[in-house]
Amino acid sequence: MESTAIAHANIALVKYWGKRDYRLNLPAVGSISMSLQELYTKTHILFDSNLDKDHLIIGHEAAAENQRVRVSKFLDLVRSISGIGYFAMVKTENNFPTGAGLASSASGFAALAVAACAALNLNLSGKELSILARQGSGSAARSIFGGFVEMKKGIEPDGSDCFAEKIAEANQWDLHMLIAITSEKEKSVGSTEGMKISEKTSPYYQNWIASSDEDIRACREAILKKDFSLLSEVAERSCLKMHALAMSSQPALIYWNDITLKLIHLIRGMRKNGIPVFFTIDAGPQVKAVCEADYVEHVRKNIVEIESVKKVIHTTIGQDARVI
Ligand code: PMV
């Protein structure tokens, strides 16, 4: 009973921040993301009747106990669906830095969901896999699919209408992303903890919720019409609103560093000079610049001119999570 799966990371163009239910990981707002071809998690799982607990190896090392427990709780869900109680040996690797705002939990839980279900011969639909992956990490629900993906916030208390769906295939639009790594340190406050703080303390939280449906609508329209200027507007607005929530929380959550801010100004400056490019930033200091194929070299050249940028990862749009 074993299987190996790959799932790609994704970056939200319309962000989610806040949950309506923490146990089931139900987001307070919908979100829209693009899948990232060059960033993925590969996971092998073996269910074995001889094991006395679940094991988790990340890279080539045993994972920290809290990570192992998080994975084990997730596998309990799969075990309860399948009726097979065996523990598992999970070996997983990311081809990108973990825990630095590059969404390793999204590709990680999506790959785990696909691998575990395949190993136990569970034939779940894309929607069911997305609901399962969501319970590992909110953004993992989106990593089940490639291309452009929308996560529904849903209204049902049991989360049965809270899953991701593909809006458009990867070949809909040849968008490229340049990820500028500004720091390789793990972030100090994880997303779930950060969301709880913002919900309780940010004076902007209710407005964030109230303005989210319009961002989703505009982003969907921008993707379907390939309207770059509309996509730039909505993606930067959503990103800055999310960070304004984080920054206005008590204690304040400042995920940016000085280089993050330099890159924001650089990208806005390029756009002012006629280069179609926009930025987005998750709960970390890395800046992701998005542009069409013709502008990749120009944008990259400008980004690497900022000395302290440690590395730039270039990616196109990724494919569905899959068994390999
Ligand atoms: O996947 P989670 O629950 O850790 O939250 C991710 C939140 C952001 O990456 C900041 C935004 C998003 O929509 O991906």
Side-chain angles (χ1 to χ4, degrees), residues 7-36 39 41 66-67 70-71 73-74 94 96-113 130-145 148-153 159 162-164 167 177 179 186-199 202 205 208-209 212 215-216 219 234-247 249 253-256 260 279-288 290 318:
H8 295 271
N10 73 77
I11 299 286
L13 300 171
V14 171
K15 309 284 183 199
Y16 109 82
W17 195 254
K19 300 189 192 191
R20 64 184 170 90
D21 183 309
Y22 278 84
R23 192 180 57 86
L24 290 171
N25 249 343
L26 307 179
V29 293
S31 55
I32 294 183
S33 60
M34 62 187 252
S35 166
L36 307 179
L39 283 78
T41 301
N66 62 335
Q67 287 175 310
R70 189 171 169 194
V71 160
K73 281 192 181 146
F74 182 79
N94 298 319
F96 57 96
T98 303
L102 280 182
S104 56
S105 65
S107 51
F109 280 101
L112 184 62
S130 177
I131 288 177
L132 176 63
R134 187 201 73 223
Q135 294 171 78
S137 152
S139 52
R142 301 187 308 236
S143 270
I144 294 296
F145 303 104
F148 297 89
V149 178
E150 177 176 345
M151 176 73 191
K152 313 269 180 200
K153 72 170 180 234
C162 186
F163 52 87
I167 302 179
M177 184 174 274
I179 303 172
E186 298 256 334
K187 62 189 162 201
S188 50
V189 181
S191 331
T192 297
E193 200 188 331
M195 290 178 197
K196 282 186 184 159
I197 299 174
S198 297
E199 268 170 49
S202 170
Y205 190 71
W208 161 253
I209 305 286
S212 122
D215 291 348
I216 294 278
C219 185
V234 64
E236 287 192 0
R237 161 171 104 209
S238 172
C239 164
L240 292 173
K241 277 196 289 185
M242 185 201 105
H243 284 277
L245 270 187
M247 287 181 197
S249 302
L253 305 166
I254 303 180
Y255 288 109
W256 301 352
T260 314
F279 67 83
T280 187
I281 306 159
D282 282 338
Q286 328 303 7
V287 177
K288 291 96 178 183
V290 180

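Every heavy atom of this structure was used, including side-chain atoms; hydrogens, water molecules and symmetry mates were not. Counting convention: from 1, in listed order, for ligands and their atoms alike.
In this structure, the salt bridge (Lys or Arg N to Asp or Glu O under 4.0 Å) partners of Lys241, at least two apart in sequence or on a different chain, are Asp215. Listed by chain and number, the residues in a ring pair (Phe, Tyr, Trp, His ring centres under 6.0 Å) with Phe279 amount to none (sequence neighbours excluded).
Heavy-atom proximity to Lys15, at under 4.0 Å, picks out these atoms of ligand 1: 13 (O). The contact set between ligand 1 and Ser191, taken as ligand atoms under 4.0 Å from a residue heavy atom, comprises 4 (O), 5 (O).
Not a single heavy atom of Ala106 sits less than 4.0 Å from an atom of ligand 1. Under the 4.0 angstrom criterion for non-hydrogen atoms, Met195 is in contact with ligand 1.
Not one N or O on the side chain of Thr280 forms a donor-acceptor pair closer than 3.5 Å with the backbone of Lys288. Arg70 contributes a side-chain N or O that, together with a main-chain N or O of Gly136, makes up a donor-acceptor pair within less than 3.5 Å.
The shortest N or O to N or O distance between Trp17 and ligand 1 is not below 3.5 Å.
Both the backbone and the side chain of Ser139 come within contact range of ligand 1, each with a heavy atom under 4.0 Å. At a 4.0 Å heavy-atom cut-off, ligand 1 touches Arg142 through the side chain alone.
In this pair, Phe74 and Phe109 present their aromatic rings perpendicular. The plane angle is above 60°, beyond the 30 to 60° band.
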